[in-house]
Amino acid sequence: MKKVECIIRPFKLDDVKEALREIGVQGMTVSEIRGFGRQKGHTELYRGSEYTIEFIPKLKIEIVVAEDDVEKVIEAVTQAASTGKIGDGKIFVTPVDEAVRIRTGERGPTAI
């Protein structure tokens, strides 16, 4: 099993969710986050005053999938979340040693 973490623009959530649903992903966790990368924030004007927003609002989607499905998930998220501009986000893949469904006690791939 692998955990796929996707940092995306907030307005792309519906597109990404639909793309994941189409390839059979049944569950995900979405968190509102703030951060910056190469984009390094941006400057805005408010009531005549200029100020810098260093931490840009983003969403983090976390999905645990079978190892065989990782490439499909990466491809679906990449296509759905891309605008072609800096700040589109990142995808991280990490191993998951164990998963346990609390309600039933199922373990491993059957728990996801």
Problem set entry | Residue E18 excluded, over 12 heavy atoms near CD under 6.0 Å |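 Result for CD/E18: enclosed.
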
Exercise. If you round to the nearest 0.5 Å, how far is CD1 of I74 from CD1 of I63?
Worked result: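 CD1 of I74 is found 10.0 Å from CD1 of I63.
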
With sequence neighbours left out, write down each residue that passes salt bridge (charged side-chain N to carboxylate O under 4.0 Å, His left out) with [X], or none if nothing qualifies.
| X | value |
| --- | --- |
| E98 | R107 |
| E5 | K3, K60 |
| E75 | none |

Exercise. Between L59 and I7, does a side-chain contact (heavy atoms from CB on, under 4.5 Å) hold up when you go through it step by step?
Worked result: CA-CA 6 Å; L59 292 179; I7 311 297; over 6 Å; no

Which residues satisfy the side-chain contact (heavy atoms from CB on, under 4.5 Å) test with [X], sequence neighbours excluded?
| X | answer |
| --- | --- |
| T83 | R9, F11, K12, K85, D88 |
| T110 | E106 |
| K72 | I23, D69 |

Can you give each donor-acceptor pair under 3.5 Å made by side-chain atoms of residues 24-34, sequence neighbours left out, with the distance rounded to 0.1 Å?
none

Problem set entry | ILVMFWY clustering at 4.5 Å (side-chain atoms), partners of I112 |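 Besides I112, the hydrophobic cluster comprises M1, V64, V96, listed by chain and residue number.
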
Exercise. Is it the case that one hydrophobic cluster holds both L13 and V73, taking links as side-chain heavy atoms less than 4.5 Å apart, direct or via other members?
Worked result: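 The answer is yes; both residues are in one hydrophobic cluster.
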
For this session: Check the hydrophobic clustering (I, L, V, M, F, W, Y; side-chain heavy atoms under 4.5 Å; chains of links allowed) and say if I61 and I91 are grouped together.
Result: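 Yes, one cluster joins them.
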
For this session: Of all the heavy-atom pairs spanning A76 and A19, show the shortest one and how long it is.
Result: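 Closest approach of A76 to A19: O-CB, 3.9 Å.
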
